[in-house]
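Please read the structure below before turning to the comments.
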Amino acid sequence: MFETTALFAAILVPIYLYLSVNVIRSRVKHQVALGDGNHQPVKQAIRAHGNFIEYVPFFLILLALLESMNAPHLLVLALGVLFVLGRCFHAYSLCFSE
């Protein structure tokens, strides 16, 4: 019933894992165990990860609700693609900008 939502959840998992590993690498590089140690790259990695985990579950719930209401499949796909692209651009801009 929620094949499209499951597809986008599966697509988003590797992005989440990448962001998680990015936070770990940044903490190790700057020797920060807790918080951000007032290092801008650590702050950016934490926010990219945090923003992702704050928005993705809410989006997937809304996408599943839309899909359960028999919305046009093309609409559900388009919203999913736009969301994934937006998450990728957001993560890239936070992780790779100085």
Transitively linked via ILVMFWY side-chain contacts under 4.5 Å: [X] with [Y]?
X	Y	value
I61	F58	yes
Y16	V23	no
I24	F52	no
I15	I53	yes
V56	V84	yes

Please give me the minimum heavy-atom distance between [X] and [Y], naming the atom from each residue.
X	Y	result
L94	Q44	O-NE2, 2.9 Å
N22	A45	ND2-CB, 3.7 Å
L19	A48	CD1-O, 3.8 Å
A71	V76	CB-CG2, 4.1 Å

Side-chain (E3) to main-chain (M1) donor-acceptor, under 3.5 angstrom
yes
Is there a donor-acceptor pair under 3.5 Å between the side chain of S68 and the backbone N or O of L65?
yes
With sequence neighbours left out, write down each residue that passes side-chain hydrogen bond (donor to acceptor under 3.5 Å, both in side chains) with [X], or none if nothing qualifies.
X	answer
E54	R47
R27	none
S20	H49

Rounded to the nearest 0.5 Å, what separation is found between the [atom1] atom of [X] and the [atom2] atom of [Y]?
X	Y	atom1	atom2	answer
L82	F59	CG	CZ	8.5 Å
T5	L60	OG1	CG	7.0 Å
L77	L7	CG	CG	7.5 Å
L12	F83	CG	CZ	6.5 Å
R25	Y18	CZ	OH	5.5 Å
F8	R87	CZ	CZ	14.5 Å

Is it the case that more than 12 heavy atoms not belonging to L74 sit under 6.0 Å from its CG atom?
no
